Amino acid sequence: MRILEVCSLCGYDLFGGVSLIRPQWRKLWVSLLLLTALCGFAYGWKEREENPPPIITIEKESPETRLLKKGRYDEAAKAILDSIKDERKDYRKYQDLATVYYARAAKDPANREKWIVQASSYVDKSVSLTPSDPINQMFAAFYIDRIGDASGQPCVYYAKAGKYAQEAMNGLQNDSIFVGDEKMPTQPIRDEIRKLLTSLEGKNATKCTNKP
């Protein structure tokens, strides 16, 4: 398999670490999704650095990655914002911003909900810039699900994750989809989304009964 693009934001484990993986790896991540489970937020940067998946070579850290690992959140956010030249093309960088604030929530329990709201808003921003992209909607669904797990008020996030997941499912009606210049089968992607929807149903049943 040749080296392909993967998502700009692979994940942040609220109780682990961070992984900002640059846009050139996005399609590889999608390919791996079709072969294994979604890597999601749970893959921390430390584990990924120590045990990188086959064929992935760890590239030089970006400035925002170094700043984020040092806990310099405002500077990391500014570095990402300054790098955005065209929102329509750079929409994935808003996922990087979501990672910054999700990471900040982990280190600042007193203001956790504030930072979680900020993280969620940047995921929403990314989706708003690509409203017809089911792959980006899928990423958003998994991101918001993890944000809900970290929040003390998870139900609104689970509802939003379900909405994004269903929109992604609705956009994957054909047997295949192009991700960049790669043609991918949609059935494995739909299977992963269905697993998320099932998980969200369970969370809503146990955590959100009688809640709006």
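Everything numeric here is computed off the predicted structure, so don't read it as measured data.
Contacts of Lys125 classified as salt bridge (charged side-chain N to carboxylate O under 4.0 Å, His left out), with partners at least two apart in sequence or in another chain: Glu87. Under the salt bridge (charged side-chain N to carboxylate O under 4.0 Å, His left out) criterion, Asp108 pairs with no residue, sequence neighbours left out. With sequence neighbours excluded, no residue satisfies side-chain hydrogen bond (donor to acceptor under 3.5 Å, both in side chains) with Asp86.
Side chain of Asp133 to main chain of Asn136: a donor-acceptor pair is present (N/O by atom type, distance under 3.5 Å, no hydrogens or angles). In this structure, Asp145 contributes its side chain and Ala141 its backbone to no donor-acceptor pair below 3.5 Å. For Ser126 (side chain) and Tyr91 (main-chain N/O), a donor-acceptor pair under 3.5 Å exists by modelled atom type. Between the Asp90 side chain and the Lys85 main chain, a donor and an acceptor come within less than 3.5 Å of each other. Checking side-chain atoms of Ser120 against main-chain N and O of Val117 turns up no donor-acceptor pair under 3.5 Å. Distance alone, capped at 3.5 Å, places no donor-acceptor pair between the Arg112 side chain and the Ser151 backbone. Between the Thr186 side chain and the Asp175 main chain, a donor and an acceptor come within less than 3.5 Å of each other. Judged by distance alone, with hydrogens and angles left aside, the side-chain atoms of Lys183 form no donor-acceptor pair with the main-chain N or O of Ile177 at under 3.5 Å. Side chain of Gln137 to main chain of Ser132: no donor-acceptor pair is present (N/O by atom type, distance under 3.5 Å, no hydrogens or angles).
Considering all non-hydrogen atoms of both residues, Ile116 and Ala105 come closest at CG1-CB, 3.8 Å. In terms of heavy atoms, Ala140 sits closest to Val127 at CB-CG2, 3.3 Å. Across all their heavy atoms, Ser128 and Arg88 have their closest contact at O-NH1, 4.1 Å. Among all heavy-atom pairs drawn from Met138 and Ala168, the shortest one is N-CB, 3.7 Å. Residues Gly171 and Pro134 share a closest heavy-atom pair of O-CG, 3.7 Å. Ala98 approaches Val123 most closely through the heavy-atom pair CB-CG2, 3.7 Å.
Taking CE of Met169 as the reference point, atom CD of Glu192 lies at 10.5 Å (rounded to 0.5 Å). Taking SG from Cys208 and CD from Glu201, the interatomic distance works out to 12.5 Å, rounded to the nearest 0.5 Å. The distance from the NZ atom of Lys89 to the OG1 atom of Thr130 is 15.0 Å, given to the nearest 0.5 Å. Here Leu67 contributes atom CG and Asp74 contributes atom CG; the two are 10.5 Å apart, rounded to the nearest 0.5 Å. Annotation: the span from Ile144 atom CD1 to Leu196 atom CG amounts to 11.0 Å, rounded to 0.5 Å. Taking CG from Asn204 and CG from Leu197, the interatomic distance works out to 10.5 Å, rounded to the nearest 0.5 Å.
Side-chain contact between Asp149 and Lys203 is present, with at least one heavy-atom pair separated by less than 4.5 Å. In this structure, the side chains of Tyr122 and Gln95 stay at 4.5 Å or more apart for every pair of heavy atoms. Considering only heavy atoms from C-beta on, Lys107 comes within 4.5 Å of Tyr73 through its side chain. Under the 4.5 Å side-chain criterion, counting only non-hydrogen atoms from C-beta, Glu64 is not in contact with Leu68.
Transitive grouping of hydrophobic side chains (ILVMFWY, heavy atoms separated by less than 4.5 Å) brings Leu200 and Phe142 into a common cluster. In terms of hydrophobic clustering, with Ile, Leu, Val, Met, Phe, Trp and Tyr side chains grouped at heavy-atom distances under 4.5 Å, Val100 and Ile84 are assigned to a common cluster.
Just one of Tyr101, Tyr102, Tyr158 meets the side-chain contact (heavy atoms from CB on, under 4.5 Å) condition when paired with Ile147; it is Tyr102.
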> Which is it for Ser83 and Lys93 under the side chain to side chain contact (heavy atoms under 4.5 Å, CB included) test, yes or no, and what are the steps along the way?
Replying inline: CA-CA 8 Å; Ser83 72; Lys93 292 187 178 183; 3.1 Å; yes
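Gln187 and Arg190 form a side-chain donor-acceptor contact under 3.5 Å, judged by distance and modelled atom types alone.
Under 4.0 Å is where a charged nitrogen must lie from a carboxylate oxygen, and between Arg194 and Asp191 at least one such pair does.
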